[in-house]
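Just so it is clear, the values below take in all heavy atoms, side chains as well, and ignore hydrogens, waters and symmetry mates. What you are looking at is a predicted structure, and each value in this text was computed from that prediction instead of being measured.
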Amino acid sequence: MTTKDLSRYRNIGIFAHVDAGKTTTTERILKLTGKIHKIGEVHDGAATTDFMDQEQERGITIQSAATSCSWQEHQLNIIDTPGHVDFTIEVYRSLKVLDGGIGVFCGSGGVEPQSETNWRYANDSGVARIIYVNKLDRTGADFYSVVKQVDEILAAKPLVMVLPIGIENDFVGVVDLLTEKAWVWDDSGDPMNYEIKDVPADMADDVATYREQLIEMAVEQDDELLEKYLEGEEVSIEELKACIRKGTRDLAFFPTYCGSSFKNKGVQLVLDAVVDYLPNPTEVKPQPETDIDGNDLGTVAYVDPEKPLRALAFKIMDDRFGALTFTRIYSGTLNKGDTVLNTATGKTERIGRIVEMHADSREEIDTAQAGDIVAIVGLKNVQTGHTLCDKDNPATLEPMVFPDPVISVAITPKAKGASEKLGTALSKMVQEDPSFYVETDQESGETIIKGMGELHLDIKVDILKRTHGVEVEMGKPQVAYRESITKELSDSYTHKKQSGGSGQYGKIDYILEPGEPGSGFEFASKVTGGNVPREFWPAVEKGFKSSIEKGVLAGYPVVDLKVTLTDGAYHPVDSSAIAFEIAAKAAYRQSFPKASPQILEPIMKVDVFTPEDHMGDVIGDLNRRRGMIMSQDTNPMGVRIKAEAPLSEMFGYIGDLRTMTSGRGQFSMEFSHYSPCPKNVAEDVIKEAKERQEAAA
């Protein structure tokens, strides 16, 4: 087997705000690299990487698409990611397995909200990036303004590599600052119809200024070169490129290019930059290895085909050929027919077919090595974030952490008898998308789907209908309230029944008291002297435990209740476990209403990210939702507000937050604890529960 030259590999992602031109840019790259011969346009629904029906109709990218091509004898594995906020999970998991990225910004829109989110994800993942300012042919385009926004809004240092020649309708090409040559395209739309000319005379001063800035930033990466430059010596282009490569890899700055993908101008220089400046798989910080419990082993997965196999499944996709598991191989070699260990399940999997993906078409291969991104067909028990490794030398790669869903909706199948089909479809969809959750509401029996936003769930319902043939009706979910008591109560109950033959008898004395928050249900017995024989204690506990599934106020489960059995009496013939269990159930119904019961509501930990100029609106809105602000943390990209708020007030929050912040706000939410409802809210909850019970009756 021949080992691939990993220095000629680039695993890259293309990410940006929705409608900045990522998919169009990918199409141009595929055309330039000879991977496709006809360019498909997003607005015609014909882009290569947007192959889902929903993508073609809406003109947006929903799921990451993988493809590979070559440029200057380098293999590029490219992932085109979505821009819409509801699908940032796709960006996150793509960035997790990539070595570099191209951040695409709109020439007129500049640094838009989703650009900020994706940039934060890329910062968290430590991914080296180049910047491409697209759509310079658009009305209102301003390359220099976007460069300034990158600096101010993203707190990132752009290294300007080219300057635009003309703008808007007059945009014809770019000046390469390194070579001081102008690339000028004609109006034919053919990316190969260009000339390399001298710099236009009216741009000479700007080119000189920006070139000097470029050199000064670059040589800071090498002390010897910096000294040489300060002494007035000429620095060669090769030396500059080496410095730029180091600075890009270390995230010291971000080489910045511009062009118009739609008009086929400027994309070649971006491809050259991918090869020249983005790291190959061996230059990226190796993935740490852990044991199955997540404890750090102190070792890393070196990108080396000769080392033991370490591969991360980062995406599952179900298509007409079966389940595809997209996998990044970090070390070792994967061959068709190999048996590998899945450390998450502890089970082995046999590798059937390995394919290299090109959007929705594929090419079968027999072997893949460290540095490769491939898809494996037909794995049974592998989910997103699972590690596949050498069964004789196991280790787990750092897993992916996904944000919790922020919206949930109840769904029911429209057709009778479609429940089983719905269940099968949902289980497949959950495997594909780790940010999509499905659960059954224990109280209502409804199927609840949870996701990252309304569009996210809208698309899921659409996929259910088109792909799986199940039409559903969407409802509004109920908040999972709870009930508890507020005061201690001592009471007694006697169960006596005589109806011929042996009767039933059981007497219990007991104390009900509020438990510690989060303690659930506790039972204890202080009976002495055998008044209630020990063998009947579990029956008393069982009676109370089964009763607390329904509270007396609104029928919600009871939490944080402590029951202590203090005394009682029994009959040597008529007492039994059943008699004491019935006594406990009746005792609960008798005493719970006397112990000042209350409704508890779920309180959520809310983490909001907003630009600083919208902070007042966001805090005011959280206060109106009965939220309590816990902390505020300002950084160069905005303000992070941590708060606690009742779940019932947070439905529809994502839409309101986006409106308040012009789409730039983000938030995540997770359960924190239960807390007593205000009186007016509790009254509404009880009233709603009674109406539901009456309707059901």
Side-chain angles (χ1 to χ4, degrees), residues 21 25 28-29 32 71-72 102-108 110 130-138 140-151 157-219 229 234-245 247-248 253-278:
T25 302
R28 296 328 187 244
I29 288 172
L32 281 168
W71 183 253
Q72 292 183 5
I102 303 172
V104 180
F105 297 91
C106 175
S108 56
I130 56 178
I131 291 169
Y132 173 52
V133 181
N134 187 24
K135 300 194 175 183
L136 285 192
D137 58 312
R138 260 199 179 181
D142 185 343
F143 173 68
Y144 301 98
S145 167
V146 179
V147 169
K148 192 177 175 196
Q149 286 179 39
V150 168
D151 188 12
K157 201 185 272 188
L159 179 70
V160 176
M161 301 295 294
V162 300
L163 296 183
I165 305 171
I167 205 74
E168 298 180 352
N169 286 336
D170 300 326
F171 176 69
V172 294
V174 297
V175 173
D176 181 347
L177 293 176
L178 276 184
T179 60
E180 295 180 277
K181 289 292 179 187
W183 291 56
V184 180
W185 282 263
D186 65 18
D187 290 329
S188 67
D190 186 334
M192 302 314 294
N193 285 355
Y194 64 90
E195 288 181 69
I196 295 181
K197 305 178 176 180
D198 290 332
V199 174
D202 61 343
M203 291 184 68
D205 290 348
D206 282 349
V207 168
T209 304
Y210 276 92
R211 190 171 196 271
E212 196 172 319
Q213 288 176 10
L214 185 159
I215 295 169
E216 283 173 5
M217 276 172 75
V219 295
Y229 173 70
E234 190 68 34
V235 181
S236 73
I237 288 178
E238 281 64 38
E239 288 172 324
L240 282 174
K241 280 187 170 181
C243 288
I244 296 168
R245 185 174 179 78
T248 306
F253 47 66
F254 304 92
T256 301
Y257 292 81
C258 65
S260 164
S261 296
F262 183 57
K263 295 282 178 67
N264 285 303
K265 295 172 182 175
V267 180
Q268 282 100 322
L269 287 93
V270 177
L271 277 171
D272 288 344
V274 167
V275 167
D276 289 340
Y277 307 127
L278 290 181

- Hey, are the side chains of Lys265 and Tyr194 touching, using non-hydrogen atoms and a 4.5 Å cut-off? no

- With sequence neighbours left out, what residues match Asp142 under salt bridge (Lys or Arg N to Asp or Glu O under 4.0 Å)? none

- Any side-chain heavy atom of Trp71 within less than 4.5 Å of one from Val274? no

- Nearest heavy-atom contact between Arg245 and Val275 is NH1-O, 3.6 Å

- Hey, which of Ser108, Pro164, Ser260 is the one that makes side chain to side chain contact (heavy atoms under 4.5 Å, CB included) with Asp137? Ser260

- Could you pull out all residues at least two apart from Tyr210 that satisfy ring-ring contact (aromatic ring centres under 6.0 Å, His included)? Tyr144

- Item | Inter-residue atom distance Phe171.CZ - Ile165.CD1, 0.5 Å rounding | 8.0 Å

- Message: What I'd like to find out is whether the side chain of Leu214 reaches to under 4.5 Å of the side chain of Ile244, using heavy atoms alone.
- Response: yes

- List in chain and number order the residues that pass side chain to side chain donor-acceptor pair (under 3.5 Å) with Ser261, two or more places apart in sequence or in another chain; answer none if no residue qualifies. Thr25, Tyr132, Asn134

- Can you see which heavy atom on Val175 is nearest to which on Pro200, and at what distance? CG2-CD, 4.2 Å

- Item | Which residues share a side chain to side chain donor-acceptor pair (under 3.5 Å) with Thr179, sequence neighbours left out | Asp176

- Query: With a 4.5 Å limit on heavy-atom distance, are the side chains of Leu269 and Val162 in contact?
  - Reply: yes

- Query: If you look only at pairs with a residue in residues 165-174, which of them pass as a side-chain hydrogen bond (donor to acceptor under 3.5 Å, both in side chains), with sequence neighbours excluded?
  - Reply: none

- Item | CE on Met217 to CD1 on Ile215, rounded to 0.5 Å | 12.5 Å

- Query: Yes or no on side chain to side chain contact (heavy atoms under 4.5 Å, CB included) for Phe105 and Lys135, after CA distance, side-chain angles and deciding distance?
  - Reply: CA-CA 8 Å; Phe105 297 91; Lys135 300 194 175 183; over 6 Å; no

- Sequence neighbours left out, what passes side chain to side chain donor-acceptor pair (under 3.5 Å) with Arg211? Give chain and number order. none

Extract all donor-acceptor atom pairs below 3.5 Å that involve side chains of residues 181-190 and protein atoms in other chains or at least two apart in sequence.
residue: Lys181; atom: NZ; partner: Asp198; partner atom: OD1; Å: 3.0
residue: Trp185; atom: NE1; partner: Pro191; partner atom: O; Å: 2.9
residue: Asp186; atom: OD1; partner: Ser188; partner atom: N; Å: 2.9
residue: Asp186; atom: OD1; partner: Ser188; partner atom: OG; Å: 2.7
residue: Asp186; atom: OD2; partner: Asn193; partner atom: ND2; Å: 3.4
residue: Ser188; atom: OG; partner: Asp190; partner atom: N; Å: 3.2
residue: Ser188; atom: OG; partner: Asn193; partner atom: ND2; Å: 2.9
residue: Asp190; atom: OD1; partner: Met192; partner atom: N; Å: 2.8

- What heavy-atom pair brings Pro158 and Asp151 nearest, and what distance separates the two atoms? CD-CB, 4.2 Å

- Message: With heavy-atom distances below 4.5 Å as the criterion, would you say the side chains of Tyr257 and Val174 are in contact?
- Response: no

- Can you measure from NZ (Lys263) to CZ (Arg138) and round to the nearest 0.5 angstrom? 11.0 Å

- Approximate separation, where rounding is to 0.5 Å, of Ile130 CD1 and Leu159 CG: 11.5 Å

- Message: Please give me the minimum heavy-atom distance between Thr256 and Val133, naming the atom from each residue.
- Response: CG2-CG2, 4.4 Å

- On a heavy-atom basis, the closest approach of Ala218 and Leu240 is CB-CD2, 4.0 Å

- Message: Using the side chain to side chain donor-acceptor pair (under 3.5 Å) criterion, which residues pair with Glu239? Sequence neighbours excluded.
- Response: Lys228, Ser236

- Note on the structure: The complete set of salt bridge (Lys or Arg N to Asp or Glu O under 4.0 Å) pairs with one or both residues in residues 268-278, sequence neighbours excluded, reads Lys241-Asp276

- Is Val147 close to Cys258 at the side-chain level, that is, under 4.5 Å between some pair of heavy atoms? no

